[in-house]
Amino acid sequence: QLPVVSVVRDAESQLLPDVGAVVTCKVCSINSRFAKVHILYIGSTPLKSTFRGTKKREDIRATEKDKVEVYKSFRPGDIVLAKVISLGDAQSNYLLSTAENELGVVVARSEAGVQMVPISWCEMQCPRTHTKDFRKVARVQPEFLQT
């Protein structure tokens, strides 16, 4: 009887963002043309290693794309729901879009360090200081809410 050799792979380590997938990411840096993010989840599955992504200015909103200002949509540290629209370019960044009502900022912290509360589709407010900041706020669907 010959010995049997088997290879067992961890299926999660093979998980890659695909075009059309909804991902959860954290904003790392912004400039006037785009926001750089780290992708942390695909759907509700946490990733073992992060992937880099880019949200271009024209992919932030579905309407009035020419009027979008990145710093009025995201800030570094924000947690954002986005959709993968392209597997990216030579820098291996995934291209992401938040141009749907369900996509955008889901968690943001104020300068006081408090989690902000959405008050409209384009503003969040600090419950402690009552200061308002512009954001591209997501209308979160129940399946993405974690309690």
Side-chain angles (χ1 to χ4, degrees), residues 8-147:
V8 179
R9 290 186 180 167
D10 187 354
E12 284 187 317
S13 67
Q14 301 296 320
L15 193 61
L16 295 170
D18 200 6
V19 173
V22 174
V23 296
T24 304
C25 44
K26 184 174 187 173
V27 178
C28 300
S29 64
I30 59 172
N31 67 27
S32 61
R33 295 186 334 268
F34 53 80
K36 294 278 189 190
V37 301
H38 284 150
I39 299 171
L40 307 173
Y41 286 78
I42 299 173
S44 59
T45 307
L47 297 174
K48 293 194 171 173
S49 60
T50 60
F51 294 96
R52 291 182 305 171
T54 302
K55 283 194 219 26
K56 292 183 179 176
R57 188 170 71 97
E58 55 271 18
D59 296 324
I60 292 175
R61 293 197 188 282
T63 59
E64 298 183 329
K65 294 180 181 192
D66 54 329
K67 295 181 183 175
V68 171
E69 295 179 61
V70 178
Y71 75 93
K72 286 189 173 182
S73 302
F74 309 111
R75 300 280 169 85
D78 287 356
I79 304 298
V80 177
L81 279 179
K83 188 172 279 185
V84 178
I85 56 173
S86 167
L87 300 182
D89 51 19
Q91 285 89 28
S92 74
N93 282 347
Y94 287 87
L95 290 178
L96 307 174
S97 169
T98 53
E100 296 176 26
N101 290 340
E102 294 77 25
L103 305 175
V105 177
V106 289
V107 178
R109 296 218 171 268
S110 68
E111 290 187 18
V114 179
Q115 185 169 323
M116 299 179 80
V117 178
I119 55 172
S120 75
W121 61 273
C122 64
E123 276 188 311
M124 293 183 117
Q125 185 174 31
C126 174
R128 182 181 294 160
T129 63
H130 302 292
T131 54
K132 297 176 185 176
D133 278 339
F134 288 105
R135 293 293 203 283
K136 195 303 184 181
V137 179
R139 188 176 71 210
V140 181
Q141 299 300 301
E143 68 265 25
F144 292 109
L145 288 174
Q146 293 182 345
T147 54

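Nothing here was measured: the structure is a model prediction, and the numbers come from that model.
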Heavy-atom check, side chain of [X] versus side chain of [Y], under 4.5 Å:
| X | Y | result |
| --- | --- | --- |
| V84 | L96 | yes |
| V23 | V37 | no |
| K36 | N93 | yes |
| V137 | M124 | yes |

[Y] backbone acceptor or donor facing [X] side chain under 3.5 Å:
| X | Y | answer |
| --- | --- | --- |
| T98 | I60 | yes |
| Q125 | K132 | no |
| R57 | V68 | yes |

Distance, nearest 0.5 Å, that separates [atom1] of [X] from [atom2] of [Y]:
| X | Y | atom1 | atom2 | answer |
| --- | --- | --- | --- | --- |
| K136 | N101 | NZ | CG | 6.0 Å |
| L87 | Y94 | CG | OH | 6.0 Å |
| R52 | C25 | CZ | SG | 14.0 Å |

Which atom names give the shortest non-hydrogen contact between [X] and [Y], and what distance separates them?
| X | Y | value |
| --- | --- | --- |
| P76 | C28 | CB-O, 3.7 Å |
| A35 | I30 | CB-CG2, 3.8 Å |
| I39 | P17 | CD1-CG, 4.3 Å |
| A138 | G104 | CB-N, 3.5 Å |
| M116 | C126 | CE-N, 3.8 Å |
| V105 | F74 | CG2-CD2, 3.6 Å |

Exercise. Taking it one step at a time, do F34 and K55 satisfy side-chain contact (heavy atoms from CB on, under 4.5 Å)?
Worked result: CA-CA 5 Å; F34 53 80; K55 283 194 219 26; 5.8 Å; no
Seminar exercise, completed: Quick note, side-chain hydrogen bond (donor to acceptor under 3.5 Å, both in side chains) partners involving residues 73-82, not counting sequence neighbours, are D78-R135
Problem set entry | R109: side-chain contact (heavy atoms from CB on, under 4.5 Å) partners, not counting sequence neighbours | Q115
Exercise. Who pairs with S97 by side-chain contact (heavy atoms from CB on, under 4.5 Å), at least two apart in sequence or on another chain?
Worked result: D59, I85, A99
Seminar exercise, completed: Of I79, V80, V70, the one forming a side chain to side chain contact (heavy atoms under 4.5 Å, CB included) with V27 is V80
Problem set entry | Chi angles and distances behind the side-chain contact (heavy atoms from CB on, under 4.5 Å) call for L47, Y41 | CA-CA 5 Å; L47 297 174; Y41 286 78; 5.8 Å; no
